[in-house]
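See structure below.
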Amino acid sequence: MEGLQGFSPSLRFFIELTDVKTGTWLQFVTLILLTVIVYKLGFAKKLSILKNVVIYTCLVLGCFVLLIFSYGLPIVEGLAVAATILIIYKIRLHQERKHQVNVEE
């Protein structure tokens with residue numbers, strides 16, 4: 001598979017794992033999952049159901065653009081790093097709040 005050198009590492013992995021069409025769909029699903037995680041951990045607020053539907057619809061449509069960029073750029077890898085950092089931040093924030101409650105008692 002010499003022609004895959006220009007692709008991003010994640011897309012190249014998915015294509016080598018399966019075929020081009022399935023690999024592209026796996027890349028798209030991975031993009032959606034990671035953007036939802038990053039949105040929920042970093043930006044989400046309590047909204048009504050209709051507003052959430054609009055936001056997630058726009059998020060999925062935006063993932064089509066990210067899919068195009070992810071052919072040559074490490075978009076999935078960047079989202080994975082962002083999700084990891086946000087997960088660590090939320091865990092530390094939870095521990096800090098728990099610690100503050102214990103100190104106050």
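As the structure is a prediction and not an experimental result, all values here were calculated from the model. Keep in mind that the numbers below use all heavy atoms, side chains included, and drop hydrogens, waters and symmetry copies.
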Please say which of Ile85, Val36, Leu86 ends up in a side chain to side chain contact (heavy atoms under 4.5 Å, CB included) with Leu41.
Leu86
Closest non-hydrogen atom pair, Leu31 against Leu66
CD1-C, 3.8 Å
Starting from Ile88, can I reach Leu34 by hopping between I/L/V/M/F/W/Y residues whose side chains sit under 4.5 Å apart?
no
Residue pair Tyr71 / Ser8, side-chain heavy-atom distance below 4.5 Å:
no
Transitively linked via ILVMFWY side-chain contacts under 4.5 Å: Phe43 with Val54?
no
Which residue pairs pass the side-chain hydrogen bond (donor to acceptor under 3.5 Å, both in side chains) test with at least one member in residues 25-39, sequence neighbours excluded?
Ser10-Gln27, Gln27-Ser70
Does CD1 in Ile49 sit with more than 12 non-hydrogen atoms of other residues, nucleotides or ligands closer than 6.0 Å?
no
Distance check, rounded to the nearest 0.5 Å: Asn52 atom CG versus Lys46 atom NZ?
10.0 Å
Side-chain heavy atoms of Ile68 within contact of Phe64, under 4.5 Å:
no
Rounded to the nearest 0.5 Å, how far does CG of Leu17 lie from CG of Leu26?
7.5 Å
If you group Ile, Leu, Val, Met, Phe, Trp and Tyr by side-chain heavy-atom gaps below 4.5 Å, do Leu33 and Leu11 land in one group?
no
Whether over 12 other heavy atoms sit under 6.0 Å from Phe28 CZ:
yes
For a side-chain contact (heavy atoms from CB on, under 4.5 Å) check, start with the C-alpha distance between Val81 and Glu77, then their side-chain angles and the critical distance, and finish with the verdict.
CA-CA 6 Å; Val81 169; Glu77 291 81 357; 5.7 Å; no
Same apolar cluster: Ile32 and Phe69, side chain cutoff 4.5 Å
yes
Output the distance between atom OG1 (Thr84) and atom CD1 (Ile37), rounded to the nearest 0.5 Å.
9.0 Å
Arg12 versus Phe7, closest heavy-atom pair with distance:
NH1-O, 3.0 Å
Indicate if Ile91 and Leu93 have the same hydrophobic cluster label, given that clusters are the connected sets of ILVMFWY residues with side-chain heavy-atom separations under 4.5 angstrom.
no
Hey, is OH on Tyr89 packed in by over 12 heavy atoms from elsewhere, all under 6.0 Å?
no
Of the non-hydrogen atoms in Val38 and Leu79, which two are nearest, and what is the gap between them?
CG2-O, 3.8 Å
Hey, are the side chains of Gln95 and Lys98 touching, using non-hydrogen atoms and a 4.5 Å cut-off?
no
Check Thr18, Asp19, Thr24 against Thr22 for a side-chain hydrogen bond (donor to acceptor under 3.5 Å, both in side chains) and give me the one that passes.
Asp19
